[in-house]
*Asks:* 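Please see the structure below; I have some questions.
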Amino acid sequence: MDKERSIVPNQIGYLVLKDDGAVLESGGELKNDERSANVIMGLLNLTESIDESFMANSSCERITIDYEEYYYSICMSNRRIYIVKISGSQNGSNTTATTSSSSSNSVYNDASDTGAVLA
């Protein structure tokens, strides 16, 4: 994978999508992976249908899908969806999906927590 396109440490693949789900860039294990893009867009569309009284739509900033050997981090910034496949378990558990929220305005604020660099 091209080092210049490395978004986070231990990255093994990435997708950059338009907000309508069209693939703009891809690399590593996710290179040209339209199927994963479609599955993740379905997940994002599902989060929009969550009852506002349970979780405000605007509060979700990152979705993490955690497997034993790797995890996906999904974020949105500037009408782009960034999907990064990262080696190593985030918390040592089996498959889980979590969301992260804060009161800040930027959707990609969590990038600083993982050392992400967006070009």
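Quick note: numbers below take in every heavy atom, side chains included, and nothing from hydrogens, waters or symmetry partners. Note that this is a predicted model, so its numbers are computed, not measured.
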*Asks:* Measuring from atom CG of Leu15 to atom OH of Tyr82, what distance do you get when rounded to the nearest 0.5 angstrom?
*Replies:* 12.5 Å

*Asks:* From Ser73 OG over to Ile86 CD1, what is the distance, rounded to the nearest 0.5 angstrom?
*Replies:*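 The distance works out to 5.5 Å.
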
*Asks:* How many angstroms lie between atom NZ of Lys31 and atom CD of Glu25, to the nearest 0.5 angstrom?
*Replies:*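 It is 9.5 Å, given to the nearest 0.5 Å.
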
*Asks:* Among all residues two or more places apart in sequence or in another chain, which pass the salt bridge (charged side-chain N to carboxylate O under 4.0 Å, His left out) test with Arg35?
*Replies:* none

*Asks:* Roughly how far, to the nearest 0.5 Å, is the CG atom of Leu43 from the OG atom of Ser36?
*Replies:*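 So the gap between those two atoms works out to 12.0 Å.
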
*Asks:* Which residue in the set Ile65, Thr64, Val84 passes side-chain contact (heavy atoms from CB on, under 4.5 Å) when paired with Ile74?
*Replies:* Ile65

*Asks:* What's the separation between atom CG in Leu44 and atom CD1 in Ile83, rounded to the nearest 0.5 Å?
*Replies:* 7.0 Å

*Asks:* If hydrophobic clusters are built by linking Ile, Leu, Val, Met, Phe, Trp and Tyr wherever their side-chain heavy atoms come under 4.5 Å apart, do Tyr67 and Ile12 end up in the same one?
*Replies:*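 Yes, one cluster joins them.
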
*Asks:* Taking the side chain as every heavy atom from C-beta outward, state whether Leu30 and Tyr72 have any pair of such atoms under 4.5 Å apart.
*Replies:*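 Answer yes - side chains close enough.
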
*Asks:* Atom CE in Met41, atom NZ in Lys18: separation rounded to 0.5 Å?
*Replies:* 11.0 Å

*Asks:* Without swapping roles, check the side chain of Asn78 against the backbone of Arg80 for a donor-acceptor pair under 3.5 Å.
*Replies:*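 Looks like no, no N/O pair under 3.5 Å.
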
